[in-house]
Amino acid sequence: MRWKEQLLTLTPYQPGKSIESVKRQYHLDKIVKLASNENPFGCSDKALAVLENSASLALYPDGYATLLREELAAFLDVAENELIFGNGSDNLIQMISRALLHPNASTIMADHTFSQYKHNAVIEGAIIKEVPTINGEHDLEGMLAAIDEQTNLIWVCSPNNPTGTYISEQKLTSFLDKVPEHILVVLDEAYYEYVVAEDYYDSISLTRKYQNLIVLRTFSKIYGLAALRIGYGVACPAIIQALEPAREPFNVNVLGQLAAASALADQEFVERCKEKNRQGLAQFYDFCHKNSLSYYPSQTNFILIDFKVDADQVFQFLLKRGFIVRSGIALGFPTSLRITIGSFEQNEGVLTALEEFLTKNK
Ligand SMILES: *Cc1c(COP(=O)(O)O)cnc(C)c1O
């Protein structure tokens, strides 16, 4: 068969190891998964309740996601035509790439950042310009300098996955001021709800000021609904309208729409998770200081820690003890682990195992 050449160079996404497979392989009965930045506290009870008496599964979902759209528009104080929904924000990344990229277009992104920007750009055959991060942060000056005649699309991930670092308001706006208006800037804010930095920007109001900016958020992280696949984009109506034809008609499932709308109404849950996450991060910071390990200060629910040894060695050590984390090797940080912040007990568990690793490998 004559597959697109680009596909032959790609490997499928490697998900973190599944809980079941690790249980079987290592004969363990308790596994703690801290690999995919999921919420250790689950989701709001309100989201669970609505799933119990939910709609008919025989009918197609509402392709306009009317209820969720109304609730989210009110919550964010935006118009309904400033929103677009995706089957996870991964689906929005795909739509945007499909809408703007082709072999004569270039796209700019950080190195290292979320892998799906590059993956989709490769499939579209676009020219990819990766600009190295500096101290885990986007080099926005470098990204501006990479703009050329063919540039259609720039990816900015803040807070950034896998480093956890963020961009300050001043840095972001001075960057946006310099990007030509015909280039779309995607601001991926998957971890927005976890941010505590004082000099963080109000991205939604920036979409008013910059008519070439789209903000991506998700219900997969702090809202704890990763399994239901709901992400959304916020931008001026012209951007949304241009993207809509690239969206599959029924891309957001009915259970996801219902659960997300209910989850949104429970901001107490979100606040509680945000607070517990900061307390959890403090456990990791203490551990790093005590053991003189370097890490990036995080505005997210994960932390990238440098162990100064082959990351897979630490990864395997933890796996045998029932902790699944993310090796930095596939993320561009070959001596680091990316660990999701869990509950207090989960954090204690993984940190105790890591202490043991450090003692044994002195
Ligand atoms: C998790 C994550 C996503 C994907 O989220 P979904 O809505 O589950 O597809 C997108 N961007 C970043 C940076 C992420 O970490």
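Atoms within each ligand, like the ligands themselves, are counted from 1 in listed order.
Which parts of ligand 1 touch S220 is read off a 4.0 Å heavy-atom cut-off, strictly below it: atoms 6 (P), 7 (O), 8 (O). Close approach of ligand 1 to R229 (heavy-atom distance below 4.0 Å) involves ligand atoms 6 (P), 8 (O), 9 (O). The N161 neighbourhood of ligand 1 comprises atoms 13 (C), 14 (C), 15 (O), with distances under 4.0 Å to a heavy atom of that residue. Ligand-side atoms of ligand 1 in range of C157: 13 (C), range being under 4.0 angstrom from any heavy atom.
Between Y117 and W155, the angle of the ring planes stays under 30°, which puts this pair in the parallel group of the 30/60° scheme.
Of the N and O atoms on the side chains of N160 and T133, not one donor lies less than 3.5 Å from an acceptor on the other residue. For the residue pair S158 and Y201, a side-chain donor N or O sits within less than 3.5 Å of a side-chain acceptor on the partner.
Checked by atom type and distance alone, the side chain of Q211 never pairs as donor or acceptor with a backbone atom of C236 at under 3.5 Å.
F219 does not count as a contact of ligand 1, since none of its heavy atoms falls under 4.0 Å from the ligand.
Of the listed residues (N160, I93, D188, V186), the one carrying the non-hydrogen atom nearest atom 11 (N) of ligand 1 is D188. Taking only non-hydrogen atoms, the option from S158, S36, S89, G88 nearest to atom 4 (C) of ligand 1 is S89.
Below 3.5 Å of separation, one finds no N or O of Y117 facing any N or O of ligand 1.
Scanning all protein heavy atoms for the shortest distance to atom 15 (O) of ligand 1 gives Y191 OH, 2.7 Å. Annotation: atom 1 (C) of ligand 1 to nearest protein heavy atom, K221 NZ, 1.4 Å.
More than 12 heavy-atom neighbours from other residues, nucleotides or ligands sit within 6.0 angstrom of NZ on K129.
A salt bridge is defined here as a Lys NZ or Arg NE, NH1 or NH2 lying under 4.0 Å from an Asp or Glu carboxylate O, and K23 with E20 meets this definition.
A cation-pi geometry, defined here as NZ or CZ lying under 6.0 Å from the six-membered ring centre and within 45° of its normal, holds between K276 and F41.
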